[in-house]
Number of protein chains: 2
Amino acid sequence: MDTPERLIQSTRELLWERGYTGTSPKAILQRSGVGQGSMYHHFSGKPDLALAAIRRTAEEMRAKAEEQFSEPGTALERITAYLRRERDVLRGCPIGRLTQDPDIVASPALRQPVDETFGRLRQRLAEVLTEGRQRGEIASALDPASTAATIVAVLQGGYVLARAADSTEPFDQAVDGILVLLAQGAR
Amino acid sequence: MDTPERLIQSTRELLWERGYTGTSPKAILQRSGVGQGSMYHHFSGKPDLALAAIRRTAEEMRAKAEEQFSEPGTALERITAYLRRERDVLRGCPIGRLTQDPDIVASPALRQPVDETFGRLRQRLAEVLTEGRQRGEIASALDPASTAATIVAVLQGGYVLARAADSTEPFDQAVDGILVLLAQGAR
DNA sequence: GTCTATATGCGGATAGAC
DNA sequence: GTCTATCCGCATATAGAC
């Protein structure tokens, strides 16, 4: 791995663990084994490096979601596969956690990839739901856009509850709950 | 307001806005107008003051939720009142945001009030759902505990989506979505 | 490209006077 | 109880040599 790549990977890990405010350039240097001068040669500073790291994480997250959405099966099966996919629940969502960082939300450049990630995710889920409705797999009373927002919110909120409890149980309960509710509307 | 109280109120505000890591003793002193010496006279340090602040916020949150749960009306009406209650959506949940702070989660003392808040909230919602089921207002296929976890998760995740988008829209959509799903099961 | 040196101010306190 | 002084290390760079 070359130097910029090592910096990006270490920054991604630290942003996930400690957030933007909690991540110092010094910690990035220690974790990556890169020297001070190299870091400031390749990146203009902490915000620049963070932006590269966030973009990378956002791309990966999108690709992993698409794996489940593009599987064969009914809409409900694909949504179930997505919600039940293996996740590092107690670590939380590496993109969602950034929304709690005021420096991220206050910076248009840093917030943009976060916004886009959730926007596309909701959009993609709404498409899956629309297909399911057309095929009669999902109750036509359900609005795709708002149901999609609900599903994404259950995941993000599930992480919050799991971290509060230091247990994956409430996350799993929340996922079970939404799946039962969605199945209820199936024909 | 006396000195300890001023410190607690300022700390509550800062924890909400900037989280634990992002809140410095210096910022608390500036906002409260209290001097350095006074702060360390009344509290042993940042963790001690944060604990007092978090406990206060947790109490208030619990009391506000109970206002809606103890209203007259069906289970669905009370849950709707709770979910649609006026909220400072873009500021997020002052308790939920703490779960993103590694120093909070790593400290049993600081995590405890956060855990307890969500534990009680889920418990209370499950009671409301159980009542609703007994009265035939809610489909008996819905497990109260997991449905309660789902509802709380929708709220917490709704805040995340709203902050990502810098708009209350996805929060409102997520709430609409879960209410439609819950109503679907009503008899 | 990478290294080391240097800089300013903040984070989070402790000490002791009043 | 409150105030001011003092402390050490970290946060976040910039400068210039190699």
Side-chain angles (χ1 to χ4, degrees), chain A residues 1-56 97-98 100-111, chain B residues 1-56 97-98 100-111:
Chain A
M1 225 171 11
D2 63 8
T3 298
E5 191 60 26
R6 294 222 307 277
L7 287 165
I8 289 174
Q9 296 304 339
S10 298
T11 304
R12 289 180 62 191
E13 292 172 20
L14 283 162
L15 286 178
W16 193 1
E17 290 167 25
R18 313 210 27 92
Y20 183 80
T21 304
T23 296
S24 68
K26 181 173 200 171
I28 295 169
L29 297 178
Q30 282 170 350
R31 185 166 301 208
S32 63
V34 168
Q36 178 105 335
S38 302
M39 170 171 173
Y40 283 102
H41 174 75
H42 293 288
F43 297 93
S44 72
K46 177 175 162 175
D48 188 29
L49 184 43
L51 180 57
I54 293 170
R55 283 188 174 145
R56 186 69 63 84
R97 74 107 59 233
L98 299 174
Q100 300 308 320
D101 228 305
D103 295 341
I104 298 269
V105 171
S107 154
L110 292 175
R111 188 175 60 77
Chain B
M1 225 172 12
D2 64 8
T3 297
E5 191 60 25
R6 293 222 307 276
L7 287 165
I8 289 173
Q9 296 304 338
S10 298
T11 303
R12 291 179 60 189
E13 293 172 17
L14 283 162
L15 286 179
W16 193 0
E17 291 167 24
R18 312 209 29 92
Y20 183 80
T21 303
T23 295
S24 67
K26 181 172 201 173
I28 295 169
L29 297 177
Q30 281 169 349
R31 186 167 301 208
S32 63
V34 168
Q36 178 104 336
S38 301
M39 170 172 173
Y40 283 101
H41 175 76
H42 293 287
F43 297 93
S44 71
K46 177 175 161 175
D48 188 29
L49 183 43
L51 181 57
I54 293 169
R55 283 188 173 144
R56 187 70 63 83
R97 76 109 54 235
L98 300 174
Q100 299 308 318
D101 230 305
D103 296 342
I104 299 270
V105 171
S107 155
L110 292 175
R111 189 175 61 76

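Every chain is numbered from 1 and lettered A, B, ... according to where its sequence line falls, protein lines coming before strand lines.
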Separation of atom [atom1] in [X] from atom [atom2] in [N], rounded to whole Å:
{"X": "A:D48", "N": "D:dT12", "atom1": "CG", "atom2": "C1'", "answer": "14 Å"}
{"X": "A:F43", "N": "D:dT14", "atom1": "CZ", "atom2": "C1'", "answer": "19 Å"}
{"X": "B:Y20", "N": "C:dG11", "atom1": "OH", "atom2": "P", "answer": "13 Å"}
{"X": "B:L29", "N": "C:dA13", "atom1": "CG", "atom2": "P", "answer": "11 Å"}
{"X": "B:K26", "N": "D:dG9", "atom1": "NZ", "atom2": "P", "answer": "19 Å"}
{"X": "A:Q30", "N": "D:dG9", "atom1": "CD", "atom2": "C1'", "answer": "13 Å"}
{"X": "A:M39", "N": "C:dT4", "atom1": "CE", "atom2": "P", "answer": "16 Å"}
{"X": "A:R18", "N": "D:dC10", "atom1": "CZ", "atom2": "C1'", "answer": "13 Å"}

Among A:L15, A:I28, A:T23, find the residue that satisfies the side-chain contact (heavy atoms from CB on, under 4.5 Å) test when tested with A:L49. A:I28
Would you call B:E17 and B:R12 a salt bridge, taking side-chain N to carboxylate O under 4.0 Å as the test? no
Hey, is A:R18 close enough to A:E13 for a salt bridge, meaning N to O under 4.0 Å?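 Salt bridge flag = no for A:E13 with A:R18.
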Starting the side chain at C-beta, find the nucleotide from [options] nearest to [X].
{"X": "B:S24", "options": "C:dA13, D:dC3, C:dG11", "value": "C:dG11"}
{"X": "B:Y40", "options": "C:dT14, D:dT2, C:dC3", "value": "C:dT14"}
{"X": "B:H42", "options": "D:dT14, D:dT2, D:dA5", "value": "D:dT2"}
{"X": "A:P25", "options": "D:dA13, D:dT12, C:dA13", "value": "D:dT12"}
{"X": "B:Q36", "options": "D:dA5, D:dA11, D:dC3", "value": "D:dA5"}

Report which part of the nucleic acid B:T23 touches: base, sugar-phosphate, or nothing (heavy-atom distance under 4.0 Å, all strands). sugar-phosphate
Less than 4.5 Å apart, any side-chain heavy atom of A:W16 and any of A:T11?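 No, too far: nothing below the 4.5 Å cut-off.
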I want to check one thing: is the phosphate of [N], taken as OP1 and OP2, less than 4.0 Å away from some side-chain N or O of [X]?
{"X": "A:T3", "N": "C:dG1", "result": "no"}
{"X": "A:K46", "N": "D:dT12", "result": "yes"}
{"X": "A:H41", "N": "C:dC3", "result": "no"}

B:R6 atom CZ, over 12 foreign heavy atoms within 6.0 Å: yes
